[in-house]
Protein chains: 2
Amino acid sequence: MTATRSSLPPNTDAADGPARKRGRLGQQEDEVFERIQQAILDHRLPPGTKLKEVPLAETFGVTRGLLRKVLTRLAHARLVDQRPNRGAKVASPSISESRDLFAARRAIEGAIVDIACRRIGARQIRTLRKMIEREQQAYRKDEVRAGLKLSIDFHRVLAEMAGNTVLAGFLDELLTRTPLVILAYKDTRATATGCDCEDHGAIADALEAGDADAAVQIMQKHLEELEGQLNLREEDSTTDLSAIFSR
Amino acid sequence: MTATRSSLPPNTDAADGPARKRGRLGQQEDEVFERIQQAILDHRLPPGTKLKEVPLAETFGVTRGLLRKVLTRLAHARLVDQRPNRGAKVASPSISESRDLFAARRAIEGAIVDIACRRIGARQIRTLRKMIEREQQAYRKDEVRAGLKLSIDFHRVLAEMAGNTVLAGFLDELLTRTPLVILAYKDTRATATGCDCEDHGAIADALEAGDADAAVQIMQKHLEELEGQLNLREEDSTTDLSAIFSR
DNA sequence: CCAAATAAAATTGTTGACAATCCTGTTTTT
DNA sequence: AAAAACAGGATTGTCAACAATTTTATTTGG
């Protein structure tokens, strides 16, 4: 019961009540959205956790109505499951859902890299190289969480460069959901799960050379390897139990 | 002002006031959603039309709160642009947005056909053939609207058969938006815009033969032809004006 | 003791009144 | 006369009380 509350970072404004002075209107909503989203992606709110409106609203010092809107937004992003009259729970991606997600990423990011190869210029290549450099630095310092974030940023920026807003929007949703399934199904034996920087470098090389086919192939192999680091065999890990009984 | 109201089909319950007896709770919300959606897709509510909450709520005999939820859902489906404090307008897909949409369909439906080729069986092939048959009948009877709907159903069912829920969800959004851009940019000189049944047949053939590469290629050519029937050159048609001045 | 029925509590859903913001036409100022 | 300032109405946004539903606890009957 109190787990929901205690596992979230405390909001210093909580005691002031709901009617505190605020900067701009939607500002507050966005902040609550991002704090809950981050808690879900960090597994501080593990999959299946019931998200009750009153405790959450009190935690953040906002009204129930505002929190309700936030929950709907999170449901839209597929980070929470919202069912009529029975509240919202943190989403528990199933194994087949996770596989579908990676298959979708292969299709979409394959297309993105193919398009990017035609539209990209020297300026953009430099930007990508800089991002890869920063990513490598993070991993060298064992800052795994930062590295993973930078790695996701690489994919996101690549989509932006391709310039297809529809594909970029879809990919954005998939990139957001990816950490959730990685934490849920990470193979404990595997080394630190994350993107391989060398692959990113190879993609940049292929893009610079204008070799679309190679870029697509590397990207898809890259994603297959990432999926391969997960334990997505049929139900045999402990996490599966929570997925099965979460409803 | 009253255009919003008069261009929608009248709701017989409107006069009874907001608190009429209803079947199930969410039922009413879904009905309003679908009625407005259909009006947008038919261009009875043309792109750029302001959707005011009070008149719409009265038209359907629902509360403003319910209507507000519906508008948010429509905004999520990208059929409506919702901006804070300045209401909701029917979406006006730009030319580049429309091109992006078709490029996304090529990527996603290419992947779907590829996956379907491996998972599909004789049973499913029969279902597809039956759908194509019905589609041809509709076109032969010059029932263009029905034919277009059946054509979209073909793409939707194919996605379902592939079994990737993530890709199917994305495609569903794109299929819903497609009629909106077709009506907005239909080349008046072209013959009735819609899917070519022969292409659908050829896709079924390739799937039956298990030739994934052929199926993917036909699907992508099919979508390119559909896009080619539209007038997506830079601003020269009258509809562009509304797109430019809609904000 | 278990199961079904029932009562109480907790939780989600809805609404109408109120507040904040934006839009439009008018007046005032330069 | 053009631009800025203002006023009024129209429109969207918010909230707290109320209603409906689900969940939990208790009782009752087999």
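So you know, we letter chains A, B, ... as the sequences are listed, proteins then strands, and number each from 1.
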May I have the distance from [X] (atom [atom1]) to [N] (atom [atom2]), rounded to whole angstrom?
X	N	atom1	atom2	answer
B:Glu58	C:dG16	CD	P	12 Å
B:Gln28	C:dT14	CD	P	10 Å
B:Arg83	C:dA20	CZ	P	23 Å
A:Arg64	C:dT12	CZ	C1'	6 Å
A:Leu66	C:dT12	CG	C1'	16 Å
A:Phe60	D:dC15	CZ	C1'	20 Å
B:Asn85	C:dT21	CG	C1'	5 Å
B:Gln82	D:dT11	CD	P	17 Å

Can you tell whether the side chains of A:Arg68 and A:Glu53 come within less than 4.0 Å, N to carboxylate O?
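Yes, this pair counts.
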Salt bridge present between B:Glu29 and B:Lys69 (N-O < 4.0 angstrom)
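B:Lys69 and B:Glu29: salt-bridged.
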Using a 4.0 Å heavy-atom cut-off across all strands, classify A:Gly87 as base, sugar-phosphate, or nothing.
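Answer is sugar-phosphate: A:Gly87 comes under 4.0 Å of backbone atoms only.
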Anything under 3.5 Å between a donor and an acceptor, one on a side chain of residues 164-171 of chain B, the other on a protein residue two or more places apart or in another chain? List them.
{"unit_1": "B:Asn164", "atom_1": "OD1", "unit_2": "B:Val166", "atom_2": "N", "d": "3.0"}
{"unit_1": "B:Asn164", "atom_1": "OD1", "unit_2": "B:Leu167", "atom_2": "N", "d": "3.0"}
{"unit_1": "B:Asn164", "atom_1": "ND2", "unit_2": "A:Asp100", "atom_2": "O", "d": "3.2"}
{"unit_1": "B:Thr165", "atom_1": "OG1", "unit_2": "A:Asp100", "atom_2": "OD2", "d": "3.4"}

Nearest listed nucleotide, side chain of [X], among [options]:
X	options	answer
A:Arg86	D:dT12, C:dG13, D:dT23	D:dT23
A:Glu53	C:dG13, C:dT11, D:dT12	C:dG13
B:Lys52	C:dT12, D:dT11, C:dC22	D:dT11

Is [X] near enough to [N] that one of its side-chain N or O atoms lies under 4.0 angstrom from OP1 or OP2?
X	N	answer
B:Arg68	D:dG13	yes
A:Thr63	D:dC15	yes
A:Lys69	D:dT14	yes

Tell me if a side-chain donor or acceptor on A:Gln229 pairs with a main-chain N or O of A:Leu226 at a distance below 3.5 Å.
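Side chain of A:Gln229 to backbone of A:Leu226: no pair is present.
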Under the salt bridge (charged side-chain N to carboxylate O under 4.0 Å, His left out) rule, what pairs show up with a residue in residues 157-171 of chain B, not counting sequence neighbours?
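Sorted result for residues 157-171 of chain B: empty, none.
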